[in-house]
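Okay, structure first, notes after.
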Amino acid sequence: MKKVYFMLLAIIGLLALSACGGGNENSQNSKNQEKETDDVNKWEEVQEAGEIVAGTSGTLVAASYYEGEGENKDQLTGYDVEVMREIASRLDLEVSFEIMGIDSMLPAVNSGRIDVAVNDIEATDNRKEKFNFSEPYKYSYSTMVVREEDNSGIEKLEDLEGKKAGGGATTIYSQIAEYYGAEVVTYGNAPNEAYLRDVHNGRTDVIVNDYFLSKFGVAAFPDFDIHLHPDLKFHPTKQAVVMPKGADELTEKINEVLNEMREDGTLTELAEKFYKEDASQKPEEEIQEIEGIDL
């Protein structure tokens with residue numbers, strides 16, 4: 001039952017990570033307009049409090065999720081969660097997690113409601129203009145869920161033209177699909193099983209998403225005619241701790257700890273525990289960059 005539960009929970013996360021990759025935060029930022037943070041000393045603030053408050057979703061296997069079943073489903077864990085716990089411990093701080101949707105996380109960092117956000121959030125160039133990011137603690141890339149029988153007729157990125165891609169309306173993954181000419185099919189509040197089933201039955205052709213998250217989703221439905229595309233690996237990504245723009249001392253302190261964790265093997269140990277692969281290291285294989293798209 002535990003295995004079944006874990007796999008079902010993974011489905012909750014499959015398209016959730018797409019939100020982490022969302023490229024359009026203009027409306028959110030307009031509500032939390034560009035407050036001046038150059039003189040922010042977030043490090044002094046958290047030191048004085050003795051606690052750092054981290055925003056996370058609690059629904060994103062294997063980055064941030066609740067372990068257990070029923071009444072025992074009360075332990076927040078995951079790669080990002082445990083990395084943040086270790087960071088806080090090494091900084092002699094307590095850590096508390098505020099559970100929120102990804103759409104609320106970056107505005108909450110801006111407003112000061114939380115000190116940091118940890119939820120498999122990609123450090124894109126556009127985001128770096130608005131927030132401080134730590135050094136990466138996870139490296140990944142994008143791939144596709146396609147029909148196993150024929151790879152949905154997709155052998156290169158350009159083959160996305162004319163295909164139907166299941167995804168969120170404003171995510172980075174949907175932006176990539178649209179850039180190559182795919183029609184993005186959105187589902188509102190439908191369960192993520194619907195995305196995967198529609199690739200299986202031909203209603204859509206592909207889901208563009210994060211490699212690690214897609215791997216969990218495909219494994220949860222072994223009876224579907226879907227798999228990860230065996231050849232296409234593109235858009236390398238870096239996930240990091242998000243902090244307010246100008247919180248430079250806190251950024252420096254967290255980077256020092258992350259470097260220690262990398263050198264002493266803690267990041268590798270945690271990554272292999274949750275991802276069964278060392279996601280803390282850059283992929284050794286060549287990952288195709290995407291040129292000409294502003295992410």
Side-chain angles (χ1 to χ4, degrees), residues 6-7 9-23 57 59-65 78-80 83 102 118-124 136-148 151-152 154-157 159-160 163 165-168 171-177 179-180 182 184 192-193 195-196 199-200 204-222 224 226-240 267-268 270-290 293 295:
F6 185 87
M7 299 311 295
L9 194 58
I11 306 314
I12 297 173
L14 174 62
L15 267 295
L17 185 59
S18 299
C20 301
S57 68
T59 60
L60 191 62
V61 175
S64 171
Y65 65 98
Y79 180 58
D80 291 49
V83 166
I102 183 63
V118 286
N119 203 66
D120 210 87
I121 299 173
E122 183 179 350
T124 65
Y137 56 80
K138 179 187 168 216
Y139 295 88
S140 187
Y141 56 87
S142 301
T143 186
M144 300 181 191
V145 177
V146 292
R147 285 184 290 279
E148 187 170 9
N151 292 332
S152 299
I154 299 170
E155 299 304 330
K156 56 186 184 297
L157 284 168
D159 292 337
L160 283 168
K163 302 294 185 183
T171 68
I172 284 173
Y173 304 106
S174 291
Q175 289 181 57
I176 292 171
Y179 179 76
Y180 283 99
V184 174
N192 288 315
E193 178 184 355
Y195 291 81
L196 295 165
V199 176
H200 163 73
T204 60
D205 302 298
V206 60
I207 299 169
V208 179
N209 211 328
D210 174 80
Y211 160 69
F212 290 101
L213 201 56
S214 298
K215 181 176 74 168
F216 280 110
V218 168
F221 291 96
F224 287 2
I226 57 175
H227 70 162
L228 297 188
H229 199 291
D231 302 317
L232 293 180
K233 300 176 180 180
F234 52 94
H235 181 56
T237 60
K238 301 175 182 179
Q239 284 73 30
L267 283 180
T268 292
L270 289 172
E272 289 180 342
K273 174 182 177 180
F274 289 101
Y275 291 115
K276 314 306 179 189
E277 298 180 47
D278 190 359
S280 74
Q281 303 292 330
K282 291 182 180 179
E284 293 182 0
E285 64 266 51
E286 184 176 347
I287 308 299
Q288 180 180 346
E289 297 276 1
I290 295 179
I293 180 171
L295 301 174

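A 4.5 Å side-chain heavy-atom check between V83 and V118 finds every atom pair outside the cut-off. Considering only heavy atoms from C-beta on, Q239 stays 4.5 Å or farther from I121 through its side chain. Between D231 and E155, the closest side-chain pair of non-hydrogen atoms falls below 4.5 Å. A heavy-atom distance below 4.5 Å is found between the side chains of L157 and M144. Residues I176 and I290 meet the side-chain proximity criterion, which asks for heavy atoms closer than 4.5 Å. Looking at E148 and I226, their side chains never come closer than 4.5 Å, going by heavy atoms from C-beta outward. Using a 4.5 Å heavy-atom cutoff, the side chains of D210 and Y173 are in contact. Annotation: side chain of V206 is not in contact with side chain of V199 (no heavy-atom distance under 4.5 Å).
Annotation for G167 and V184: closest pair O-CG1, 4.0 Å, computed over non-hydrogen atoms.
For Y139, the ring-ring contact (aromatic ring centres under 6.0 Å, His included) test picks out no residue, with sequence neighbours left out. Every residue two or more places apart in sequence or in another chain that forms a side-chain hydrogen bond (donor to acceptor under 3.5 Å, both in side chains) with K233 is listed here: E285. Under the side-chain contact (heavy atoms from CB on, under 4.5 Å) criterion, A182 pairs with L160, A165, A177, not counting sequence neighbours. Partners of H235 under the side-chain hydrogen bond (donor to acceptor under 3.5 Å, both in side chains) rule, at least two apart in sequence or in another chain, are E122. With sequence neighbours excluded, no residue satisfies side-chain contact (heavy atoms from CB on, under 4.5 Å) with K273. Judged as a salt bridge (charged side-chain N to carboxylate O under 4.0 Å, His left out), and not counting sequence neighbours, K238 has no contacts. Residues passing the ring-ring contact (aromatic ring centres under 6.0 Å, His included) test with F224 are H200, F221, sequence neighbours excluded. The salt bridge (charged side-chain N to carboxylate O under 4.0 Å, His left out) test applied to E277 returns K215, not counting sequence neighbours. Remark: D205 pairs with R147 by the salt bridge (charged side-chain N to carboxylate O under 4.0 Å, His left out) rule, at least two apart or across chains. Evaluation of the side-chain contact (heavy atoms from CB on, under 4.5 Å) rule for D278 yields T268, A271, E272, S280, Q281 as partners, not counting sequence neighbours. Listed by chain and number, the residues in a side-chain hydrogen bond (donor to acceptor under 3.5 Å, both in side chains) with H227 are N151 (sequence neighbours excluded). Looking at residues two or more places apart in sequence or on another chain, you find no side-chain hydrogen bond (donor to acceptor under 3.5 Å, both in side chains) involving S152.
The CG atom of L196 sits 4.5 Å away from the CD1 atom of I207 when rounded to the nearest 0.5 Å. Taking OG1 from T143 and CD1 from I287, the interatomic distance works out to 9.0 Å, rounded to the nearest 0.5 Å.
For D80 and Y137, the side-chain atoms include at least one donor-acceptor pair closer than 3.5 Å. At a cut-off of 3.5 Å, with distance as the only test, no side-chain donor of N209 or S214 sits close to an acceptor on the other residue.
Note: Y141 and F234 fail the aromatic proximity criterion, with ring centroids not under 6.0 Å apart.
In this pair, Y65 and F274 present their aromatic rings perpendicular. The plane angle is above 60°, beyond the 30 to 60° band.
F212 does not carry K138 over the face of its six-membered ring by the limits of under 6.0 Å from the centre and within 45° of the normal.
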Test log, rule side-chain contact (heavy atoms from CB on, under 4.5 Å), inputs S142 and Y211: CA-CA 5 Å; S142 301; Y211 160 69; over 6 Å; no
